[in-house]
Amino acid sequence: MFSAPKGIPEYFPPTSASFLAVRDTLAESAKRAGYGYIELPIFEDTSLFKRGVGESTDVVTKEMYTFEDRGERSVTLRPEGTAGVMRSVIEHGLDRGQLPVKLFYAGPFFRYERPQAGRYRQLQQLGVEAIGVDDPALDAEVIAIADAGFRALGLAGFRLELTSLGDSQCRPAYRSLLQEFLFKLPLDEDTRRRAEVNPLRVLDDKRAEVRELVAEAPLMVDHLCDECRAHYEAVKGYLTELGVKFTENPRMVRGLDYYTKTTFEFVHDGLGSQSGIGGGGRYDGLMEELGGQSLSGVGFGLGVDRTLLACQAEGLTPGDVARCDVFCVPLGDAAKARLVSIAGALRAAGVRVDLAYGGRGLKGAMKAADKSGARFALVLGERDLAEGTIGLKELATGEQRSVPLADVVTAVQDAL
RNA sequence: GUGGGUGUAGCUCAGCCGGUAGAGCACUGGGUUGUGAUCCCAGGUGUCGCGGGUUCAAGUCCCGUCACUCACCCCA
């Protein structure tokens, strides 16, 4: 027997309805702020991610699905969305018109990691990018879109963590300062290596003994240059204007190299170890790094799988689990032929309709009607056909009335 | 890549000190011939993850292996 590749979640009814609802609700939030949809390749030139995401990140060094195609080109299944968006923006000159360019995307991303709760090798993300205007109000807008999307789903148990990572002006100096501090500590070999490659990550260590060691470490937020400081303060101000609550977490770290200044993460406590349901920030040098003009951008990626898990943890089932509005129950072949055409007419009129196939008995057909989640059943037998009527039954109340066969479409529409 | 836990029906699981398998749910049919959710009755399914070992006898004990899962790491 075949099984799905390791670490890949599959969604089927009824859960798939919630999956779609989560994705579409988050997308709707982006559309409301004027973001347009962009559909991108699932795989790209490997060097795009190496350049964009950063050679030293774990994502690039050990988590990419990289292979050679038949033309001996090295390609990689996209591990994240921003690099591809930037590539497309540059390639098609989308940044030559009015700025900012506001885009959103949705779909699967791939990382070769050991699977666990909420961590998959094929993950579904919805993301937005606002490119070309370095306005802190835009950072706040992006954050507010995610916040509004989560709220629209009914989620309440999440929080927003915020910090600033500085920029090319102030981060290098801070980085050296932090390394100087870290190298004096009695760190194990692994952690020491991390201090060399990505010192900020040591601040985010989960182990209590390490946390204690770095408790007095210098923090980026205390060493921001004037420009970054002003930017950060402005973002916080706009968020407050927008009514978006946040907590500052100066030890927050991002796994992708391109982030600068504003950085944020949405965290939900009902998910176990993988608690981040979305994250993002500003990326000032990325576009230039990828060969475009020097424009900044800000965006996020939200985990659709994890957001769905968060909904489930809060007892929410977004989306309509009912498969149809009307379920047709035929008694006999003549009635079945008639109901097949009625079902077609109703569907053409926009009603969701299913029918009891397979020659089931009346009892079985009614049972199927009940399971379908339909509000109404249409029951048709020889007697009704002779009278020229059809039974319209409201399943919740059990009330049934006869309506003329000729008027069935309008009768159903009125009832709904 | 490193650890821990678990593999028995489609799903959730029970199966004691070894004696060749069970429940609930789900599914199908029936409870007078045209009405669902509750109730009652009936019905089927398992290479007990796989391979080896111990034993008269292994779902049960031992070893290996694979898969799943949780955590580290990393991140959505």
Side-chain angles (χ1 to χ4, degrees), chain A residues 1 3-9 22-23 26 53 57-64 78-82 106-127 146 150 158 190-191 193-194 198 201-202 204-207 210 252-256 264-268 271-280 299-310 327 329-332 335 356 358 360-385 390-400 402:
Chain A
M1 200 164 76
S3 55
K6 189 183 177 77
I8 300 187
V22 167
R23 193 191 65 190
L26 297 175
V53 177
T57 59
D58 281 13
V59 168
V60 168
T61 55
K62 47 192 193 194
E63 296 176 4
M64 294 208 302
R78 59 184 187 184
E80 60 94 54
T82 304
F109 296 86
F110 305 85
R111 292 180 199 171
Y112 191 86
E113 299 180 272
R114 194 83 174 264
Q116 78 186 65
R119 186 170 78 185
Y120 308 114
R121 290 186 171 182
Q122 177 175 314
L123 53 122
Q124 298 283 341
Q125 248 179 285
L126 180 130
F150 291 139
F158 67 90
D190 234 38
T191 312
R193 200 173 312 121
R194 219 180 305 156
N198 194 344
R201 188 165 299 294
V202 180
D204 199 31
D205 201 298
K206 283 181 184 173
R207 292 169 296 183
V210 179
M252 184 170 59
V253 173
R254 302 269 76 206
L256 314 179
F264 57 91
E265 190 167 317
F266 287 86
V267 180
H268 196 283
L271 298 187
S273 185
Q274 306 301 317
S275 56
I277 55 175
F300 64 60
L302 307 183
V304 177
D305 310 277
R306 287 188 188 173
T307 303
L308 177 56
L309 290 173
F327 197 92
V329 177
L331 293 155
R360 315 178 58 147
L362 177 62
K363 183 170 178 158
M366 286 305 295
K367 219 171 188 171
D370 187 48
K371 291 269 157 59
S372 76
R375 271 186 67 196
F376 292 96
L378 279 173
V379 185
L380 186 66
E382 306 296 326
R383 293 205 307 247
D384 312 280
L385 276 176
I390 186 168
L392 178 62
K393 179 170 187 168
E394 179 157 15
L395 290 163
T397 61
E399 279 170 47
Q400 181 168 339
S402 283

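In what follows, chains carry the letters A, B, and so on, assigned in the order in which the sequence lines appear, proteins first and then strands, with residues in each chain numbered from 1.
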Keeping A:Arg194 on the side-chain end and A:Val202 on the backbone end, is there a donor-acceptor pair under 3.5 Å? no
Categorize A:Glu63 for me: base, sugar-phosphate, or nothing, with a 4.0 angstrom heavy-atom threshold over every strand shown. sugar-phosphate
Regarding A:Ala369, tell me which of base, sugar-phosphate or nothing describes its non-hydrogen contacts under 4.0 Å with the strands shown. nothing
Distance check: side-chain N/O of A:Ser273 vs OP1/OP2 of B:C70, anything under 4.0 Å? no
B:C39 versus B:C56 - spacing of their C1' atoms, nearest Å: 49 Å
Would you sort out whether A:Leu331 and A:Glu382 count as a side chain to side chain contact (heavy atoms under 4.5 Å, CB included), showing the intermediate values? CA-CA 7 Å; A:Leu331 293 155; A:Glu382 306 296 326; over 6 Å; no
Indicate, with a heavy-atom threshold strictly under 4.0 Å, whether A:Tyr120 touches base, sugar-phosphate, or nothing. base
Can you measure from CZ (A:Arg114) to CZ (A:Arg121) and round to the nearest 0.5 angstrom? 8.5 Å
Nearest-angstrom distance, C1' atom, B:C61 to B:G24: 30 Å
Using a cutoff of under 3.5 Å, can you pull out all pairs of nitrogen or oxygen atoms linking the protein to nucleotides 38-48 of chain B, with atom names and distances?
none

Protein-nucleotide distance (A:Ile8, atom CD1; B:U69, atom P), rounded to Å: 12 Å
To the nearest Å, how far apart are A:Met366 CE and B:A37 P? 9 Å
What is the distance, to the nearest angstrom, from the CD atom on A:Glu113 to the C1' atom on B:C72? 13 Å
If I take atom CG in residue A:Leu395 and atom C1' in nucleotide B:U35, what distance separates them, rounded to the nearest angstrom? 10 Å
Which one is paired to B:G1, where only Watson-Crick or G-U wobble pairs with both distances under 3.5 angstrom count? B:C72
Hey, could you give me the CD/CD distance between A:Glu113 and A:Gln274, rounded to the nearest 0.5 Å? 7.5 Å
Ignoring the backbone of A:Val379, work out which of B:A71, B:C75, B:U35 is nearest its side chain. B:U35
Rounded to whole angstroms, how far apart are CZ on A:Phe110 and C1' on B:A76? 14 Å
Using a 4.0 Å heavy-atom cut-off across all strands, classify A:Arg201 as base, sugar-phosphate, or nothing. sugar-phosphate
Expressed in angstrom and rounded to an integer, what is the separation of A:Lys367 atom NZ from B:U28 atom C1'? 8 Å
State whether A:Arg114 places a side-chain N or O below 4.0 Å from either non-bridging phosphate oxygen (OP1 or OP2) of B:U69. no
Applying a 3.5 Å limit to both distances, which nucleotide forms a Watson-Crick or G-U wobble pair with B:A67? B:U6
Paired nucleotide for B:A42 [Watson-Crick or G-U wobble; both distances under 3.5 Å]: B:U28
Using a cut-off of 4.0 Å on non-hydrogen atoms, how would the nucleic acid contact of A:Lys371 be classed: base, sugar-phosphate, or nothing? sugar-phosphate
Does A:Leu392 form a side chain to side chain contact (heavy atoms under 4.5 Å, CB included) with A:Leu378? I'd like the steps, not just the answer. CA-CA 5 Å; A:Leu392 178 62; A:Leu378 279 173; 3.7 Å; yes
How do A:Arg121 and A:Ala117 order along RNA chain B: which one's closest nucleotide is nearer the 5' end? A:Ala117
Okay, side chain of A:Arg78, backbone of A:Pro108: is any donor-acceptor separation there less than 3.5 Å? yes
Taking atom P in both B:G59 and B:G43, what distance in whole Å separates the two? 27 Å
Could you tell me whether A:Gly127 contacts a base, only the sugar-phosphate backbone, or nothing, with contacts defined as non-hydrogen atoms closer than 4.0 Å? nothing
Determine yes or no for a side-chain-to-main-chain donor-acceptor pair under 3.5 angstrom, with A:Arg23 supplying the side chain and A:Leu126 the backbone. no
Over all strands shown, is A:Gly278 touching base, sugar-phosphate only, or nothing at heavy-atom distances under 4.0 angstrom? sugar-phosphate
In whole Å, measure the gap between the P atoms of B:G1 and B:U54 for me. 34 Å
Which one is paired to B:C61, where only Watson-Crick or G-U wobble pairs with both distances under 3.5 angstrom count? B:G53
Tell me whether A:Thr307 contacts the main-chain N or O of A:Gly303 through its side chain, where contact means a donor paired with an acceptor under 3.5 Å. yes
For side chain to side chain contact (heavy atoms under 4.5 Å, CB included), just list the numbers for A:Lys62 and A:Tyr112, CA-CA rounded to whole Å, side-chain angles, deciding distance to a tenth of an Å, and then say yes or no. CA-CA 7 Å; A:Lys62 47 192 193 194; A:Tyr112 191 86; over 6 Å; no
When rounded to whole Å, the CG to P distance for the pair A:Leu331 and B:G36 reads 12 Å
Which part of the nucleic acid does A:Ala396 contact within heavy-atom distance under 4.0 Å: base, sugar-phosphate only, or nothing? base
When the P atoms of B:C68 and B:C11 are considered, how many whole Å apart are they? 15 Å
Using atom P of each nucleotide, how far apart are B:U45 and B:A9 to the nearest Å? 14 Å
For a quick check of understanding: with a heavy-atom distance under 4.0 Å over all strands, which category does A:Asp305 fall into, base, sugar-phosphate or nothing? nothing
Would you tell me if any nitrogen or oxygen in the side chain of A:Arg360 comes within less than 4.0 Å of OP1 or OP2 on B:U28? yes
Exam field: side chain A:Asp384 to backbone A:Gly381, donor-acceptor pair closer than 3.5 Å: yes
At under 4.0 Å, does any side-chain N or O of A:Arg119 touch on OP1 or OP2 of B:A71? no
Between the base of B:C74 and the side chain of A:Arg194, is one N or O donor paired with an acceptor at under 3.5 angstrom? no
Categorize A:Gln274 for me: base, sugar-phosphate, or nothing, with a 4.0 angstrom heavy-atom threshold over every strand shown. base
Reckon A:Gly391 touches a base, only the sugar-phosphate, or nothing at all at heavy-atom distances under 4.0 Å? nothing
Tell me whether A:Arg111 contacts the main-chain N or O of A:Val59 through its side chain, where contact means a donor paired with an acceptor under 3.5 Å. no
Separation between the C1' atoms of B:G29 and B:A67, rounded to whole Å: 38 Å
Donor-acceptor pair present, A:Gln116 side chain and B:C73 base, under 3.5 Å: yes
As its Watson-Crick or G-U partner within any shown strand, both distances under 3.5 Å, B:U20 has none
Measure the distance from CD on A:Glu382 to C1' on B:U33 and round it to the nearest whole Å. 14 Å
Please measure how far the C1' atom in B:U69 lies from the corresponding atom in B:C25, and state the result in whole Å. 23 Å
Closest of B:C74, B:C68, B:C27 to the A:Lys6 side chain is B:C68
